[in-house]
Amino acid sequence: MAQSYFSAPARSSSSLAKEPLVSNHGGEKHLKVEDVQEAYIEQKDRLIQALDSSKSILGELRRFSKEEWVVRYPTLHEQPSAEPSSSSRTKPRRSLRRSLSFADDPNNQTEVLYTPVREGLTRAVTLASISDAPEGTDVKPVDEGTSQGERDTCEAEKLMLSSQNGDFNILRLDLKLGPHGSTTSPAALVSHLEKGSIASLLDERIGASVNHMDKLRLRVEDTSSKVLVTGDLNSGKSTFVNALLRREVMPIDQQPCTTAFCEVHDAAENNGKEEVHIIKEGVVYSISDESTFTRASLADLETIVSDNEGVQPVLKIYLSDSRAPSESLLNNGVVDISLIDAPGLNRDSLKTTALFTRQEEIDVIVFVVSAENHFTLSSKEFLWNASNEKAYLFIVVNKFEHIKNKEKCKRLVLEQIKQLSPGTYEDAEDLVHFVDSAAALRPYTANPAFDDLESSLRSFVLVKRSKSKLQPVATYLSNLLSDVDLLVGANAIVAQSDLDRAQDDLTRVRPVLEKMKGSQELLEENLESVEELGAEKTSARTKAILSSAIERVGQGLPGINHATISLPAFPGFLRIWDYARDVKKALLASLDAAVKLAEDEARATASAGVKKIGELGDANLPEGVGKSRRVFMPEAMFSLRPGKKGLRRRSSSTATAVVAGGVHNLGIGLSQRPDMLDTSALDIFDFHRLWLQFADDKKEAEDETSPTTALSVVSVGVGALTMVGGQTFGARGIIDGIVRISELFGNETARKWAAPLLGAFVIGATGYFVLELPNTIPRTIGRRIRTSLVAVDENTTENELFVNAHAGRVSRETRKVLRMASWDLRERFRAAMEERGKEVKNAEEMERKARRALEYFLEVETKTGLIRNDAGLISVL
């Protein structure tokens, strides 16, 4: 974190002219009532305006925390330092090094400078990170050249309140759980809570402060003053009240007898009638409404208190004081005064809690402590709690005449007061009195100590009303504004840190996102281009390879030159059928090898395409995006997946091409199909041209006038030969042979030439078998295979032919591979762009919120300074 909590503007000369609420009052006992009243009214109006402004700040702070920015609860810790030298131990420091952390994140600490600011400045504290602290504001001891004002400041630091150590006064989250002395300090306890829970607790604490300020406003506007007399049990509270009244009204006993809140008022408020009003439970008291109380006489007061010991009632006691206004506290002629005699603090926890809740209604606290017992734990807790609002307490050390070593008693009591209420200690001459209240009730007995106490109390309550009635409000406001300064100062550092981080994130991520948006369309085009080029290339290459292979097979040669594929040697005429079968198998195997060659080239093309897609990913994906988990395996192409059925087979009587997956990764596997390996006489004898010639001779034989020629006789002989051969002749050939033979013997000329021609044919056929048949069988078989793979009949389309089917199949497989790789890159690109988009959106939102929070916190700082300036408040630190 790095953020200075900027100092507020200097106070104007007019504001400096305003007198602070706390002033030297050494001669105020002799001030005129009119002058005191005028100053009091002026200060009261300023305080009311300050209360309203502070309440508005707290209300806006609660709304801001709920709707715009979760205000975090800071804690400041002292940093461990080396043992100071003897000379530096006595030199206080103007700025304190502290480690700033937050309850919801105690491990994240930032070094800051914490500067309590004194009178003359508009803020109570200054909080700045070390990196942003102005040069010269670092921790600095006071030397001999320090001004008197700075010396006074350093002296005041000896009496630091908790806020000077980085803790809160009013807004403290004080969770008391676990045994005493365990790690249950407020900072240790709230650190276990989550951010939202801490914000909720802080909101409740701020709400309680708002409610308290409403009651403070009512108290300031109230023209009367309420004086609470309290203390430990048997400290002599009731005796002290009786001494003030110069009459025994309150019940007195060795055992605790005051269990009710007895408010003593001037009888003039009750039309001059002395009586007791017992307020009914659950109603708001009104002296003009008798349904809210029950009347009783003063003589029954002791009985009323004892009968209602377990109920703890509230009693209104109206008394007449015949003394002159200059001597009487009740009948003072200036303001209405009520004395409240409260139960003892340590009677039980319920009564103690009830007493604490009445503090906000009290203007002056008169704390009675026994000189024999000093301050008990209950007394200390009460005074610590009261010091948050009331910097000055009126303390009566009762039963002082019973103490033998009076100087020691005074010293011990004052040392305790110095720790509990530093303001009271500074003005101990007027606010701390050592008396014996019982002696003051003795008639015709001089008691100068109690007379001095009574005079000081009258001055504190009446003449010094700005101190007794308004100062508690000013103290509360000063503490509250100090807490607000600390709260918004720490959160301003957080806001600046978040703003810097958001701006750094935007600087880093936004260009990446813009680049990805600009390259998205081009990436799509490149991916589509890789897919299309790969598919087209493999399709064209497959067609070229298979077309060339078919042409070679049509010439009686293997489809490709491969070391493992060659035509078999001629085994002789006795195994001519096996030879024809082996030749056909070899030629079909060469076509399968050509298909495999096309698939291998498709694998290479797909590998190159996948590599190209990877290069596109490296060029377009931002840093930090992980590599794809998909691994391309070329050998997996063109193989049937486990659990997948083979593709549908389709056959044609002419083309006999099958579009399906074969075996041994050789496409359709022609050499493995029994129907393709069947051998007939048409695979052995080349009847192609003779068949065409036979068709022409048939037309000539139908013409009876045409003479018989030698060619016709040869044709008839060849036709007859087709009848020999057993399993290889077709039905049509047999019928045609019979017809030819019958025609032959029906012609006289033919019968004459039959014997010579038959001999010549036998000789020619023998030569043909011996010389040409081994060479013509591969061509004959190859031509038949070529015709079956390229011919199209009415049941076969162009795409189902051997070349086109394989070209489509290989092309589709290549496209599928490239499309899968492209899809993977698109998804990774989309996810990366979506992630960068979210980062930019979140950073922009954080920047907006942090900027708004920083402006708001600085605005609150300015407002608190103006409140201090206008109300004439000074720092209580």
Side-chain angles (χ1 to χ4, degrees), residues 1 5 54-55 57-78 98-110 112 114 116 124-125 127 160-213 216 353 356-357 359-360 381-382 384-389 475-495 853 857 860 864 876-877:
M1 301 179 186
Y5 194 58
S54 300
K55 180 180 177 182
I57 287 178
L58 292 183
E60 179 62 22
L61 184 62
R62 296 179 70 187
R63 184 206 64 79
F64 186 81
S65 180
K66 291 179 180 179
E67 299 178 3
E68 300 187 45
W69 177 282
V70 178
V71 177
R72 302 173 66 183
Y73 185 83
T75 55
L76 294 177
H77 308 278
E78 293 187 11
R98 293 289 184 265
S99 292
L100 174 66
S101 63
F102 292 88
D104 54 270
D105 189 13
N107 296 325
N108 187 9
Q109 298 186 354
T110 302
V112 296
Y114 179 81
V125 295
L127 190 64
M160 279 185 179
L161 297 177
S162 59
S163 59
Q164 285 181 286
N165 294 322
D167 202 357
F168 289 95
N169 290 301
I170 308 301
L171 302 181
R172 182 188 308 166
L173 299 183
D174 193 4
L175 305 178
K176 297 181 180 179
L177 302 174
H180 181 72
S182 63
T183 56
T184 55
S185 65
L189 288 170
V190 297
S191 64
H192 298 287
L193 301 176
E194 61 180 359
K195 187 176 181 180
S197 299
I198 295 174
S200 179
L201 291 175
L202 183 59
D203 178 75
E204 293 178 2
R205 193 69 191 88
I206 295 175
S209 299
V210 172
N211 295 333
H212 186 70
M213 282 193 293
L216 289 179
T353 303
F356 284 176
T357 60
Q359 281 194 44
E360 59 196 13
E381 185 176 4
F382 176 85
W384 272 115
N385 189 59
S387 64
N388 284 333
E389 178 183 327
T475 302
Y476 184 87
L477 275 179
S478 296
N479 283 327
L480 178 63
L481 294 178
S482 297
D483 288 355
V484 172
D485 285 340
L486 177 59
L487 187 66
V488 300
N491 280 272
I493 293 178
V494 177
F857 292 136
V860 170
T864 58
V876 297
L877 301 180

Out of curiosity, [X] [atom1] to [Y] [atom2], how far, rounded to the nearest 0.5 Å?
| X | Y | atom1 | atom2 | answer |
| --- | --- | --- | --- | --- |
| Ile170 | Ile206 | CD1 | CD1 | 12.5 Å |
| Ser54 | Leu61 | OG | CG | 12.0 Å |
| Thr864 | Asp483 | OG1 | CG | 11.5 Å |
| Leu173 | Glu204 | CG | CD | 9.5 Å |
| Leu171 | Leu487 | CG | CG | 6.5 Å |

Nearest heavy-atom neighbours spanning [X] and [Y]:
| X | Y | value |
| --- | --- | --- |
| Ala199 | Val71 | CB-O, 4.2 Å |
| Val494 | Trp69 | CG1-CZ2, 3.9 Å |
| Glu68 | Arg63 | OE2-NH2, 2.9 Å |

Less than 4.5 Å apart, any side-chain heavy atom of Leu58 and any of Val484? yes
Go through the structure and list residues passing side-chain hydrogen bond (donor to acceptor under 3.5 Å, both in side chains) with Arg62, not counting sequence neighbours. Asp203
With a 3.5 Å distance limit and no angle check, can you tell me whether [X] reaches the backbone of [Y] through a side-chain donor-acceptor pair?
| X | Y | answer |
| --- | --- | --- |
| Arg172 | Phe168 | yes |
| Asn169 | Asn479 | no |
| Tyr73 | Leu202 | no |

In sequence, state the C-alpha distance, the side-chain angles, and the governing distance for Val860 and Phe64, and then conclude on side-chain contact (heavy atoms from CB on, under 4.5 Å). CA-CA 11 Å; Val860 170; Phe64 186 81; over 6 Å; no
Look at the aromatic rings of Tyr476 and His212 and report parallel, tilted or perpendicular, splitting at 30° and 60°. tilted
